[in-house]
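Ligands are counted one by one from 1 in listed order, and the atoms in each one are counted from 1 as well.
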Amino acid sequence: MMNPRGLAQRFRSKFLSEPQIYRAPGRVNLMGDHTDYNDGFVLPAAIDFYCWAAISSRNDGHFVIFSENLNETAAIGSGEVSQKQVPAWARYPVGVSQQLRNSGYDIRGANLYVVSDVPMGAGLSSSAAIEIATAYALLGVYGQRADPSLIAKLCQKAENDFVGTQCGIMDQFASCHGLAGHALLLDCRSLEYRPIPVPDRIRLVICNTMVQRELASSRSEYNTRRAECEEGVRQLKEALPHIRALRDVTLSDLEKHRNRLTNTVYKRCRHVVTENERVGALASALQANDCLQMKHLMEQSHASLRDDYEVSCRELDSLVSLASQHAGVYGARMTGAGFGGCTINLVDAKHIPEFQKRMADAYFEQTHRRPEIYVCTASEGAARVFVPGENVR
Ligand code: GLA
């Protein structure tokens, strides 16, 4: 766990000024993958892994960013820069700062010190965490106010335009709005959401395959899926003029008009349409404490992501099938974009130690990789962190 006082100290030695400190969490998604950019529904929870951002203002307009994880500094002048002028890791904070300025916020230069314990490239939204932490830090240090949902949208736009991933809104939204002990049932069209309590005895256990598909290739697979969904909407619209997104298509509409689609596009659409229905169903199962239904829905979701959306991989399938044989597991599925990364497991608190041990051994036997296993709790969203014993400005 990060000690904010230690972070403040390291900031002072690096930048010779007094910081404010902010933090933003990663997220895990319980249900609804690849639905957000189809105006659909998702059920993420913020987790207790964070990107921390310590910040002070500068009056020369420069934006100087230090990443403690990489031990690298990037310095940007006061004007607009293009993506190519910025090292890949710094595109997230730089994109956010430009986006805030272009949207009219009075953001000037800053020293920003970032350090993150969200596992990178594991599908737990390390990117959204650094974007949201940066946005809160820049707005906070310049005394600017913005609604958290708007911050989420601006950070999503920064990632779309400056980083080049056509991601949806889920990760940034969860990082802003997270609520302790709850998942968020979010309508990605209206951005209305409802907190859904995670039953007390259930822990969110995340198993990391330790497989990372190269960022460029997973980005291009992701963008291809998104384009296939848009193609589906274009074709279906000829028969169903009222639809704006796959969110508006029912399974019976889809079956009726499937001959308009190539088999691949049909399968992508079927995943999105059925996954959307599973989101509300899982929220109800959590509220009703219906463990059998949770397990059934998560199993269906994983199969759909594997067979229809084709974003799983051998290692994810292996973790899911091992978990589902385990006592005390109320559901297991891949989570996030896929192509490697993590599974989410709803595990009875009583069974955690034995679950961790058995999963680690069995996964190693099958894949010769050692998984990382994180027992998480649903956490609060982004906030300023007050350092004990220091003056609050
Ligand atoms: C990534 C994106 C999200 C979402 C998920 C898949 O995490 O950033 O917007 O599309 O993949 O559900």
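Because its NZ or CZ atom is both nearer than 6.0 Å to the ring centre of Phe364 and within 45° of the ring axis, Arg370 counts as a cation-pi partner of that residue. Under the 6.0 Å distance and 45° angle rule, Lys14 counts as a cation-pi partner of Phe66.
Scanning Ala337, Ala174, Gly40 for the heavy atom closest to atom 11 (O) of ligand 1 points to Ala337.
No single ILVMFWY cluster, assembled from side-chain heavy atoms under 4.5 Å apart, contains both Leu179 and Leu43.
Applying the 4.0 Å criterion to heavy atoms of Arg27 picks out, from ligand 1, the atoms 7 (O). Close approach of ligand 1 to Gly336 is summarised as follows: ligand atoms under 4.0 Å from at least one heavy atom of the residue are 6 (C). For ligand 1, the atoms sitting less than 4.0 Å from at least one non-hydrogen atom of Tyr37 are 10 (O), numbered in the order shown with element in parentheses. Applying the 4.0 Å criterion to heavy atoms of Asp36 picks out, from ligand 1, the atoms 3 (C), 4 (C), 9 (O), 10 (O). Atoms of ligand 1 found under 4.0 Å from any heavy atom of Cys167, numbered from 1 in the order shown, are 2 (C), 8 (O), 9 (O).
The shortest contact between atom 5 (C) of ligand 1 and any protein heavy atom is with Met170 CE, 3.8 Å. Of the protein's non-hydrogen atoms, Tyr222 OH, 2.5 Å is the one closest to atom 10 (O) of ligand 1.
The proximity of Arg226 to ligand 1, defined as any non-hydrogen pair under 4.0 Å, does not occur for either the backbone or the side chain.
Asp60 and Arg58 are joined by a salt bridge, as a carboxylate oxygen and a charged side-chain nitrogen come within less than 4.0 angstrom of each other.
Ligand 1 has an N or O atom lying under 3.5 Å from an N or O atom of Gly168, backbone or side chain. Residue Asp33 places at least one N or O, backbone or side chain, under 3.5 Å from an N or O of ligand 1. Ligand 1 has a nitrogen or oxygen under 3.5 angstrom from a nitrogen or oxygen of Asp171. Considering backbone and side-chain atoms alike, Ser125 places every N or O at 3.5 Å or more from each N or O of ligand 1. Distances between N or O atoms of Asn29 and those of ligand 1 include no value under 3.5 Å.
Remark: aromatic rings of Tyr142 and Tyr105 are distant, center separation not under 6.0 Å.
In this structure a side-chain-to-backbone donor-acceptor pair under 3.5 Å is present from Thr250 to Asp253. Glu275 places a side-chain N or O within donor-acceptor distance of the main-chain N or O of Gly32, the cut-off being under 3.5 Å.
When all heavy atoms are compared, the tightest approach of Val265 to Gly232 is CG1-CA, 3.5 Å.
The aromatic rings of His34 and Tyr222 are tilted relative to each other, their planes meeting at an angle between 30° and 60°.
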